[in-house]
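In what follows, a structure is listed as structure tokens, so that the remarks can point back to it.
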Amino acid sequence: MVELLAPAGNMESLDAAIGEGADAVYLGLKSFNARLRTTNFAWNQFGATIDALHKQNKKIYVTVNTVCEERETERLYRFLSYLNEMKPDGLIVQDYAVMRLAQEFFPNLELHASTQMNVESAHGVRLLQNAGVKRVVLARELGLDEIRKIKNETGADLEVFVHGALCVSESGLCLFSSFLGGKSANRGMCAQACRRYYTAEVPGGIKQGYYFSPCDLQLIDQIPDLIEAGVNSFKIEGRMKSAEYVGSVVAAYRYVIDHYKEDKKGAIAAGKRMLASDFARSKTSYWYGFNSLEEGIDNAATKILNPDQAGGTGIYLGKIASLKPAPKELVEAINQSRVPTDEPPLRLQMANLKGGSYDPDPGDSIRIHKKDDTGRVSHKIRSVEVEDDGKRWIDIPAGYSVGDSVYLLQIKSSSKRYSRVVTADLSKYRKQPKDELLPILDLTPVAQKELQYFPDGVYVQVSSIADVFIVQGLNPVRVILEYNSETSYDLLNHKTVLPFSKKQLYISLDPFCSALQEDKLKEELSKLIDDGYTNFVVNNLAHIQMLKKKNVNMIAGPYLYTFNRWAVSWLENQNIGAFIMPYENSRRNLEATYDEKVRSRVLVPVFAYPALFRMRFKLPSDYDFTYFEDKEETVFKVNSTPDGSFVMPEQPFSILDKVNFITSSGFKKVLIDFSKTKVTRSQIKAITTSMAKSQPLPDVSRFNWKDGFYNPQQLEEYKAAAERAAIKKSSSQRTYRPNRSKKK
């Protein structure tokens, strides 16, 4: 029996999901989940929800699907210990650290690999099966034939997204938001750079649009085929959506699942009618309906991208033009009616909107977006005031201000009241994570001669055969060559005699490895190994599975995220002994993860144009531009190739001037990465000078090297500490009285 899995961003959405027939829900708590900006569940609500759902024979999955810094691992351990005691039906995970900790200490926890883990092939699934993972949530950039192939070859329990918001970037590989200020998508803090309005340089002038704003996924037509393909769970995205949205979408997919066998065409038509009140973005079936990989790469962009589509969700209602306090009696009445009663009181204000074409009414669900992308919230309108001059005021949550945008998600006529799933009395649900100490983990010491293939010095990565010759000027100890459609042809057919030996050359594999590509890639890797290539940078779990018995050296690339030593340890157990630091990492976290005795295992990127979006398609032909900029006039460039499309910053990431400091700290291997860009001799000269003289290059980004990930909790702590210091200083100034001798 196929499972219908619904999002529960809050208690109301939980009621709607169960009320409309979901078999299971997934939810997050207050940390370690990829939707930190939604309400999420308190400890007592979570305990009560597990109780209530299990009594109804429903399942509950907890999202622990973000990467974790080294300093957070003890808190992660306590969280997993708490979940082990609470016994949800599964954990949806991204960080290899969670798998390593669960293997060591909590073997009874059932693990599901998140879509953020970037698994899209049978080889990747098989590796996770061998590691004890019970279910794999496949990457969203797959078609029916690919899903069917994975199921046939692995028999794995597979979960597939069927409805809701999409990422334009390949699953788990987006760095754009993090590059803009540390708000990492891999940390649940995505600022949705893909939804933004950009200005592009085109022949003859400029053109503006939402160039990377994807449509929403809708696969209700494909449900029968996906069931026949053996998919075990259909997942609806929407933990930040309203309860009305969740209810209507669950109802539609429930109907099709239950009735397609008796009347396929009629069931799908009925399901679509149920979705008619979904005012989110226009819909796409994305990668479904293509007859070949090449056809998908050539045409998928036209199915997912809509440059005329505003980045916000729903029908545009306008911007907040003015605000005033909400009537006291309204706030009191709403808070008195809320269940459970021990939730924090709702804080409201009244807003007047300007610029939209629809006047919302009580019962309508809206979504408010802060103009600086720092927050958004779904809200059901309870009250509308209309003044004599026609000016309308609606209630909205406190914390939003003039200029913020408002969108319609659901109208009152399509809203329903659902029975409460969870009891109002939460007093008996008191379990919380305990103050447990994380056992010490030491990474494997470096054995003598173990890293002969991984010498100290400067490494250079390039994307073309021509650039292999140009980078000789940097005197690299090793060259890393990206394996793409151009370089693979040259290597496999021995077209060029390279200026470096096969021992000096590493081959870097693409981080996206789909079911339609894996067999060809495995065959080509075998040919390369037969030719004498023995060093490979692996960026996908499938690569490890393909190479694990081939007697080659595997270096974990920057897309096998190692932000803590437990993740490193898990990869060590996969026979990997060397690691390239993820581009998002900070100096502080790098040093905390690797003790000095194991820093020889690490290659540190010091210069790169990191791919911010990696898209599994060519851009449409009318995207006739290379450069574009955002509203802050930051310039980016896009490169559309037969291997997909890539967005990169115009200003590179560079810490070249820190190389002496980095090497003196024990990290004696540094990477200069020219991936996706053409190398010039002037660049080489500037880079050489910057390293030699410890002088920063002009107009570069430090990415997260200095400040690390954006951390709202830490910022609040800093703010509170600063306020306490200011109060203390002010107090001391008021009480200080200098001794003065009296004049006689």
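Just so you know, these numbers use all the heavy atoms, side chains as well, and skip hydrogens, waters and symmetry mates.
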Quick one, [X] and [Y] - any side-chain contact, counting heavy atoms below 4.5 Å?
{"X": "Glu482", "Y": "Asp643", "answer": "no"}
{"X": "Val93", "Y": "Met117", "answer": "yes"}
{"X": "Pro214", "Y": "Thr284", "answer": "no"}
{"X": "Ile465", "Y": "Leu481", "answer": "yes"}
{"X": "Asn186", "Y": "Glu584", "answer": "yes"}
{"X": "Asp221", "Y": "Ser285", "answer": "no"}
{"X": "Lys658", "Y": "Val606", "answer": "no"}
{"X": "Glu69", "Y": "Phe709", "answer": "yes"}

Treating [X] as the side-chain partner and [Y] as the backbone partner, does any N or O pair qualify as donor plus acceptor under 3.5 Å?
{"X": "Ser586", "Y": "Asn704", "result": "no"}
{"X": "Lys371", "Y": "Lys319", "result": "no"}
{"X": "Asn585", "Y": "Phe563", "result": "no"}
{"X": "Gln94", "Y": "Ser114", "result": "no"}
{"X": "Ser690", "Y": "Ala686", "result": "no"}
{"X": "Asn539", "Y": "Leu509", "result": "yes"}
{"X": "Ser184", "Y": "Ser178", "result": "no"}
{"X": "Ser242", "Y": "Ser378", "result": "no"}
{"X": "Ser645", "Y": "Leu619", "result": "yes"}
{"X": "Asp298", "Y": "Glu295", "result": "no"}

If you round to the nearest 0.5 Å, how far is [atom2] of [Y] from [atom1] of [X]?
{"X": "Ser177", "Y": "Met189", "atom1": "OG", "atom2": "CE", "answer": "8.0 Å"}
{"X": "Leu219", "Y": "Ile236", "atom1": "CG", "atom2": "CD1", "answer": "11.0 Å"}
{"X": "Leu697", "Y": "Phe653", "atom1": "CG", "atom2": "CZ", "answer": "11.5 Å"}
{"X": "Asp216", "Y": "Leu166", "atom1": "CG", "atom2": "CG", "answer": "6.5 Å"}
{"X": "Lys520", "Y": "Ser488", "atom1": "NZ", "atom2": "OG", "answer": "5.5 Å"}
{"X": "Tyr197", "Y": "Ser213", "atom1": "OH", "atom2": "OG", "answer": "12.5 Å"}

Which heavy atom in [X] sits nearest to a heavy atom in [Y], and how many Å separate them?
{"X": "Tyr561", "Y": "Leu173", "result": "OH-CA, 3.8 Å"}
{"X": "Asn540", "Y": "Ala542", "result": "OD1-N, 2.8 Å"}
{"X": "Ala567", "Y": "Asp95", "result": "CB-OD1, 3.5 Å"}
{"X": "Glu146", "Y": "Ser514", "result": "OE2-OG, 3.2 Å"}
{"X": "Cys513", "Y": "His543", "result": "CB-NE2, 4.0 Å"}
{"X": "Val246", "Y": "Pro7", "result": "CG1-O, 3.8 Å"}

Pairing donors with acceptors under 3.5 angstrom, does anything connect the side chains of [X] and [Y]?
{"X": "Thr199", "Y": "Gln208", "result": "yes"}
{"X": "Tyr583", "Y": "Asp673", "result": "yes"}
{"X": "Asn299", "Y": "Thr302", "result": "no"}
{"X": "Ser463", "Y": "Asn484", "result": "no"}
{"X": "Thr487", "Y": "Asp490", "result": "no"}
{"X": "Ser171", "Y": "Glu141", "result": "yes"}

Please state whether the rings of [X] and [Y] are parallel, tilted or perpendicular, taking 30° and 60° as the class boundaries.
{"X": "Phe628", "Y": "Phe212", "answer": "tilted"}
{"X": "Tyr286", "Y": "Phe617", "answer": "perpendicular"}
{"X": "Tyr407", "Y": "Tyr316", "answer": "tilted"}

Residue pair Thr562, Met581: steps toward the side-chain contact (heavy atoms from CB on, under 4.5 Å) verdict: CA-CA 7 Å; Thr562 47; Met581 185 191 83; over 6 Å; no

Checking side-chain contact (heavy atoms from CB on, under 4.5 Å) for the pair Ile396/Val377: CA distance, chi angles, key distance, verdict? CA-CA 10 Å; Ile396 66 168; Val377 69; over 6 Å; no

Evaluate side-chain contact (heavy atoms from CB on, under 4.5 Å) for Val659 paired with Phe667, printing each intermediate quantity in order. CA-CA 9 Å; Val659 166; Phe667 297 100; over 6 Å; no

NZ or CZ of Arg614 within 45° of Tyr559 ring axis and under 6.0 Å: yes

Establish, for the pair Arg478 and Tyr506, whether the NZ or CZ atom is under 6.0 angstrom from the six-membered ring centre and no further than 45 degrees off its axis. no

With ring centroids as reference points, do Tyr609 and Phe607 lie under 6.0 angstrom apart?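 Aromatic pair counts; centres sit under 6.0 Å.
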
Compute the ring centroids of Tyr211 and Tyr623, then answer whether they are less than 6.0 Å apart. yes

For Asp657 and Arg702, run salt bridge (Lys or Arg N to Asp or Glu O under 4.0 Å): C-alpha distance rounded to whole Å, both residues' side-chain angles, the deciding distance at 0.1 Å, then the answer. CA-CA 11 Å; Asp657 53 306; Arg702 298 297 196 184; 2.9 Å; yes

Please lay out, stage by stage, how Tyr400 and Lys370 fare under the test side-chain contact (heavy atoms from CB on, under 4.5 Å). CA-CA 7 Å; Tyr400 290 82; Lys370 285 194 173 182; 3.4 Å; yes

Atom OH of residue position Tyr358 - does it have more than 12 heavy atoms of other residues, nucleotides or ligands inside 6.0 Å? yes

